[in-house]
Asker: 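What follows is a structure written as structure tokens; I'll ask about it next.
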Amino acid sequence: MVESRPTARSAPEEKERFQAVIDYLITEAQKIVNNPKVLILTNKAIAEKNNFKQLYKVFDDRYVDVSDRIENYLRSIQALDVSDLCRLYLKENYNELIELVRKGGYIIHNISDKKRLHDIMKSMIDSSNFSIQEIIEVAISHKLIKRTETYSNISARNADFINHLESDKLYQEFKILYLGGFNTYSRIKDKNIVSSEEEFDYYESQWKRERFILELFSSNLKFSEVLNYSKYLDEETDYITMHRTKGTSINSVVVVMEEYFWNQYDFSLLYRSDEQKTEKRINSQKLIYVACSRAKNNLVCVRLLTNNEVESFKQIFPQAIEIPIKSELFSKK
């Protein structure tokens, strides 16, 4: 139990302490059932738990609706095509792997060709240094996949866009000021760079697009994060999203009833009987129902309660188990 919950505007340190407590409760819940999948609301937390945090951040900095954007863009640049090959190799599904690489142009006549394919796949997976763009080009150069027209067009558009910005002196002046702290119209308007808020918004959008391209295709963002992301898409990770409405049944499930600052949901409305049937309450009920319905045999729900929630919670969930929280979690720096 806690006295209060942090809000979206709370200090980062307070949010970190809150997250530490939630993580502790999840760990305790995982001890109750064997090998559960943890269903959680926030995509950011899922990305961190499943080791594609940097990949998620690149898209989160660029787009409002991140989830669909990541999958669609990675497929369009063939990063997920390469990931598909790697995962078939890891699962030892060699027949399907050979069928796919043959479509890419890889020729297999004998055992030597198969051994070479094995060596290529192993090097692609074992190397932690390959960036996303490097792994795509490696796969294309070895004829494991064919370069698509979509990927070629995206690469050409990105290159033209970056070259255009490099020659745009006004944009370069704006960028220097923007990165120097003049990152709102009210701060930059007296610098004689932009003449209106609309012009500021335009240059800011250009900067966000430039940052997205440079970060996504930089040597710092590794292909291993794409591989981890694709495992998450197929729910082969411990942490998965609540929002999967048509997912298959899972033997054991831990549902984390925490909003993580999403204002569309408030899971306390599930046990506050005095509340009206508001849209937020209905959305919260539907989401929890979808998440809990995926449990085939074992279900555990986790909720960090404030002091004034305990009584109403126990009325609805009388068999709930209280987990003592270690005091050091609240003093985490």
Side-chain angles (χ1 to χ4, degrees), residues 35 37 46-47 49-56 58-59 67-159 216-241 244 246-251:
N35 300 317
K37 294 289 186 182
I46 288 174
K49 299 293 185 184
N50 293 330
N51 298 314
F52 58 92
K53 178 181 178 180
Q54 188 177 353
L55 176 67
Y56 181 86
V58 169
F59 281 84
S67 300
D68 292 337
R69 292 282 189 171
I70 299 180
E71 184 175 2
N72 292 339
Y73 198 94
L74 292 181
R75 184 63 70 184
S76 68
I77 64 172
Q78 299 186 261
L80 288 183
D81 294 347
V82 182
S83 179
D84 291 342
L85 299 179
C86 291
R87 299 194 52 230
L88 287 172
Y89 175 82
L90 290 170
K91 293 177 181 179
E92 300 183 359
N93 192 342
Y94 300 130
N95 289 335
E96 192 172 345
L97 173 62
I98 289 172
E99 183 180 344
L100 279 181
V101 298
R102 277 177 168 160
K103 291 179 180 178
Y106 188 87
I107 298 174
I108 297 178
H109 288 309
N110 49 44
I111 294 177
S112 178
D113 294 329
K114 290 183 178 180
K115 184 181 184 304
R116 178 170 169 267
L117 175 61
H118 165 81
D119 292 341
I120 294 170
M121 296 302 307
K122 190 174 187 302
S123 68
M124 285 172 30
I125 292 168
D126 288 349
S127 177
S128 59
N129 294 321
F130 277 126
S131 68
I132 295 174
Q133 187 164 21
E134 285 171 341
I135 206 80
I136 296 168
E137 295 301 329
V138 166
I140 291 173
S141 66
H142 287 296
K143 297 185 177 180
L144 304 184
I145 60 174
K146 290 182 179 179
R147 188 188 303 272
T148 63
E149 184 178 354
T150 299
Y151 175 45
S152 296
N153 290 339
I154 289 174
S155 298
R157 286 198 302 270
N158 287 345
L216 184 64
F217 294 101
S218 77
S219 59
N220 295 324
L221 184 52
K222 305 304 180 184
F223 172 71
S224 58
E225 294 214 6
V226 175
L227 197 55
N228 291 333
Y229 172 71
S230 64
K231 291 177 182 177
Y232 155 72
L233 287 179
D234 289 340
E235 298 194 340
E236 295 178 6
T237 52
D238 290 337
Y239 285 76
I240 59 180
T241 181
R244 189 80 172 263
K246 296 183 180 180
T248 56
S249 296
I250 302 169
N251 186 53

Asker: Counting the benzene-type ring for Trp, do H118 and Y94 have ring centres under 6.0 Å apart?
Answerer: no
Asker: Got a donor-acceptor contact below 3.5 angstrom from the K37 side chain to the E235 backbone?
Answerer: yes
Asker: Checking the side chain of S127 only, and the main-chain atoms of M124 only, is there a donor and an acceptor separated by less than 3.5 Å?
Answerer: no
Asker: Working to the nearest 0.5 Å, report the span between OG of S230 and CD of E71.
Answerer: 10.0 Å
Asker: Can any side-chain N or O of N110 pair as donor or acceptor with the backbone N or O of S112 at less than 3.5 Å?
Answerer: yes
Asker: Under a 3.5 Å distance rule, please check whether N50 uses its side chain to pair with a backbone N or O of Y239 as donor and acceptor.
Answerer: yes
Asker: Do you know the tightest heavy-atom contact between Y56 and A47?
Answerer: CB-CB, 3.5 Å
Asker: Using only atom types and a distance under 3.5 Å, with no angle test, would you say the side chain of Y106 pairs donor to acceptor with the backbone of H142?
Answerer: no
Asker: Nearest 0.5 angstrom please: L88 CG to N95 CG, how far?
Answerer: 10.5 Å
Asker: Does the side chain of I46 reach to within under 4.5 Å of the side chain of I240, using non-hydrogen atoms?
Answerer: no
Asker: For the pair K231 and D238, find out whether any cationic side-chain nitrogen is under 4.0 Å from an anionic carboxylate oxygen.
Answerer: no
Asker: Do the side chain of S76 and the main chain of Y73 share a donor and acceptor less than 3.5 angstrom apart?
Answerer: yes
Asker: Taking C-beta and beyond as the side chain, do L55 and I132 meet within less than 4.5 Å on heavy atoms?
Answerer: yes
Asker: Would you please test H109 and K114 for side-chain contact (heavy atoms from CB on, under 4.5 Å) and show each step?
Answerer: CA-CA 8 Å; H109 288 309; K114 290 183 178 180; over 6 Å; no
Asker: Within the structure provided, determine whether L216 and Q133 are in side-chain contact (heavy-atom separation under 4.5 Å).
Answerer: no
Asker: Can you tell me how far apart OG1 (T148) and CD1 (I154) are? Round to the nearest 0.5 Å.
Answerer: 7.5 Å
Asker: Any donor and acceptor pair, going by atom type alone, linking the side chain of S83 with main-chain N or O of A79 inside 3.5 Å?
Answerer: no
Asker: Does any non-hydrogen side-chain atom of E134 lie less than 4.5 Å from one of K222?
Answerer: no
Asker: Closer than 4.0 angstrom, basic N to acidic O: yes or no for K53 and E225?
Answerer: no
Asker: Taking the side chain as everything from C-beta on, heavy atoms only, tell me whether F223 gets closer than 4.5 Å to C86.
Answerer: yes
Asker: What's the shortest heavy-atom distance between G105 and K146, and which atoms?
Answerer: N-CE, 4.5 Å
Asker: Are there over 12 heavy-atom neighbours, none belonging to K143, within less than 6.0 Å of that residue's NZ?
Answerer: no
Asker: Determine yes or no for a side-chain-to-main-chain donor-acceptor pair under 3.5 angstrom, with N228 supplying the side chain and F52 the backbone.
Answerer: no
Asker: Between Y89 and L117 (side chain of the first, backbone of the second, donor and acceptor by atom type, cut-off under 3.5 Å), is there such a pair?
Answerer: no
Asker: CD1 of I250 to CG of N35: how many Å apart, nearest 0.5 Å?
Answerer: 12.5 Å
Asker: Could you report the tightest heavy-atom contact between V82 and A139, atom names first, then the distance?
Answerer: CG2-CB, 3.8 Å
Asker: Can you tell me how far CG of D113 sits from CD1 of I107, rounded to the nearest 0.5 angstrom?
Answerer: 8.0 Å
Asker: Between I77 and I136, what is the shortest heavy-atom contact and its length?
Answerer: O-CD1, 3.1 Å
Asker: Rounded to the nearest 0.5 Å, how far does OG of S131 lie from CG of N220?
Answerer: 9.5 Å
Asker: Under the side-chain hydrogen bond (donor to acceptor under 3.5 Å, both in side chains) test against D119, which residue among K122, K115, R116 passes?
Answerer: K115
Asker: Does a salt bridge link E96 with R87, judged by any charged N lying under 4.0 Å from a carboxylate O?
Answerer: no
Asker: Applying side-chain contact (heavy atoms from CB on, under 4.5 Å) to R75 and D84, what does each step give before you reach the verdict?
Answerer: CA-CA 10 Å; R75 184 63 70 184; D84 291 342; 2.8 Å; yes
